[in-house]
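As the structure is a computational prediction, the values presented were derived from the model and not from experiment. Note that the numbering runs from 1 along the sequence shown for the chain. Note that ligands are numbered from 1 as they come in the structure, with each ligand's atoms numbered from 1 the same way.
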Amino acid sequence: MAANGVIHAVDLHKRFGAVQALRGVDLTVAQGEIMGLLGHNGAGKTTLVDILSTLMPPTAGTASVAGFDVTGNPEEVRRRIGVTGQFASLDEQLSGHDNLVLVARLCGASRAQAGSRADELLEAFGLRDAGRRKSVTYSGGMRRRLDLALGLVGHPEILFLDEPTVGLDPPSRIGLWEMVEELTRGGTTVLLTTQYLEEADRLADRITVLEAGRVLVTGTAAELKSRVGSGSISFRLEPHGDPAVAADALSGAGFPPGARTARGELTVPAGGSADLATVIRVLDTVGQNVTEIRHSEPSLDDVYLALTGAESREPAPAGPPHRESPPTGRRYTGNPQETM
Ligand SMILES: Nc1ncnc2c1ncn2[C@@H]1O[C@H](COP(=O)(O)OP(=O)(O)OP(=O)(O)O)[C@@H](O)[C@H]1O
Ligand SMILES: [Mg+2]
């Protein structure tokens with residue numbers, strides 16, 4: 001089992017009617033690792049998590065979690081995992097405390113053990129004061145935190161987090177990241193789906209990019225970033241500058257072809273900030289002055305664009321209505337790390 005990873009999926013397929021949600025997904029997550037699963041709306045992230053957490057069987061392929069087959073031995077798998085879904089699964093009519101006690105009792109804890117585990121988790125998630133009121137009165141962020149706490153009741157070895165920080169304010173998001181990091185220091189393995197590049201960059205040891213039900217790439221954030229080169233230099237010419245003259249001069253100096261951005265800037269691929277001075281000097285020799293210039297490291301966003309740009313987003317041909325409405329926009333918030 002160890003050689004294969006704590007989570008090990010081979011050639012998973014999942015079909016919903018005419019919708020091919022997963023089309024041959026392989027995934028291996030090692031003990032104590034945080035694997036980030038990144039993908040557009042409809043890429044198949046929740047479907048993969050649902051299969052691995054035994055909520056639904058795959059149409060084809062196999063998967064094991066903690067060494068147990070997810071379809072052959074689902075109860076053994078369930079005993080070892082915690083799941084926080086994309087949509088909170090708490091009982092709104094119960095208080096936070098009673099939700100936690102209920103789950104702890106289902107995990108086999110005595111009444112006293114369940115009560116103290118509930119209090120411990122309420123404290124850890126900043127919900128002590130709200131713990132005795134009905135969770136229907138909780139804010140979105142409080143529900144998310146309670147939902148995560150519910151996933152941790154049974155001290156799971158493996159944690160599945162499906163978009164755990166959606167709807168959290170920045171301090172709560174950071175608090176949750178710290179909690180996840182703390183858990184993995186204790187040996188917990190985490191599979192986390194996210195649409196926030198920043199989150200994947202910060203938390204994940206490795207990232208798997210899913211697109212239309214397939215794995216596009218798996219690697220560390222640094223490995224993924226290295227696939228899109230070493231960054232770029234962007235600059236703006238004085239109003240009477242001539243972009244064509246600037247481009248010719250840079251090409252003559254050995255820079256690869258650049259581009260013009262939507263903001264009217266010119267960009268050229270560049271090795272590092274040391275190239276800033278070269279660009280300024282080359283442009284100066286042809287009478288082109290820059291008013292603004294900066295070097296940008298490649299971001300995970302660049303990687304994502306480079307990998308998914310040409311692919312279609314929705315995996316299915318026309319078929320029965322999809323569960324979600326089509327994506328209306330990208331939610332990726334990773335900013336290029338800019339240096340001057
Ligand atoms: N129960 C279902 N019935 C029919 N189609 C489904 C069902 N569940 C998922 N799908 C479809 O499978 C595809 C993958 O969906 P999934 O929910 O796994 O995507 P996702 O990556 O989690 O997206 P999001 O970022 O929006 O949560 C989508 O086309 C979706 O419409
Ligand atoms: Mg989802």
>> Using a 3.5 Å cut-off on N or O atoms only, is Phe16 in polar contact with ligand 1?
In response: no

>> I need the atoms of ligand 1 closer than 4.0 Å to a non-hydrogen atom of Gln195, numbered in the order shown.
In response: 25 (O)

> Going by distance only, is there an N or O of Ala43 that falls short of 3.5 Å from an N or O of ligand 1?
Replying inline: yes

>> Donor-acceptor check, side chain of Lys14 to backbone of Pro57, threshold 3.5 angstrom: yes or no?
In response: yes

> Should you measure from each heavy atom of Glu163, which atoms of ligand 1 turn up under 4.0 Å away?
Replying inline: 25 (O), 27 (O)

> Counting each atom of ligand 1 from 1 as listed, which ones have a heavy atom of Val19 under 4.0 Å away?
Replying inline: 11 (C), 12 (O), 29 (O)

> Just distances here: any N/O of Gly44 and N/O of ligand 1 closer than 3.5 Å?
Replying inline: yes

> Between Arg144 and Leu168, what is the shortest heavy-atom contact and its length?
Replying inline: CB-CD2, 3.6 Å

>> Show the atoms of ligand 1 that are less than 4.0 angstrom away from any heavy atom in Thr47.
In response: 14 (C), 15 (O), 16 (P), 18 (O)

> Any N/O/S of Thr193 under 2.8 Å from the Mg ion (ligand 2)?
Replying inline: no

>> Please give me the minimum heavy-atom distance between Leu52 and Ala63, naming the atom from each residue.
In response: CD2-CB, 3.6 Å

> Which ligand 1 atoms, with their elements, are less than 4.0 angstrom from a heavy-atom of Thr46?
Replying inline: 17 (O), 18 (O), 20 (P), 22 (O), 27 (O)

> Is the closest side-chain donor-acceptor distance between Asp119 and Ser116 under 3.5 Å?
Replying inline: no

> For ligand 1, which atoms sit closer than 4.0 Å to a heavy atom of Ala21?
Replying inline: 12 (O), 13 (C), 14 (C)

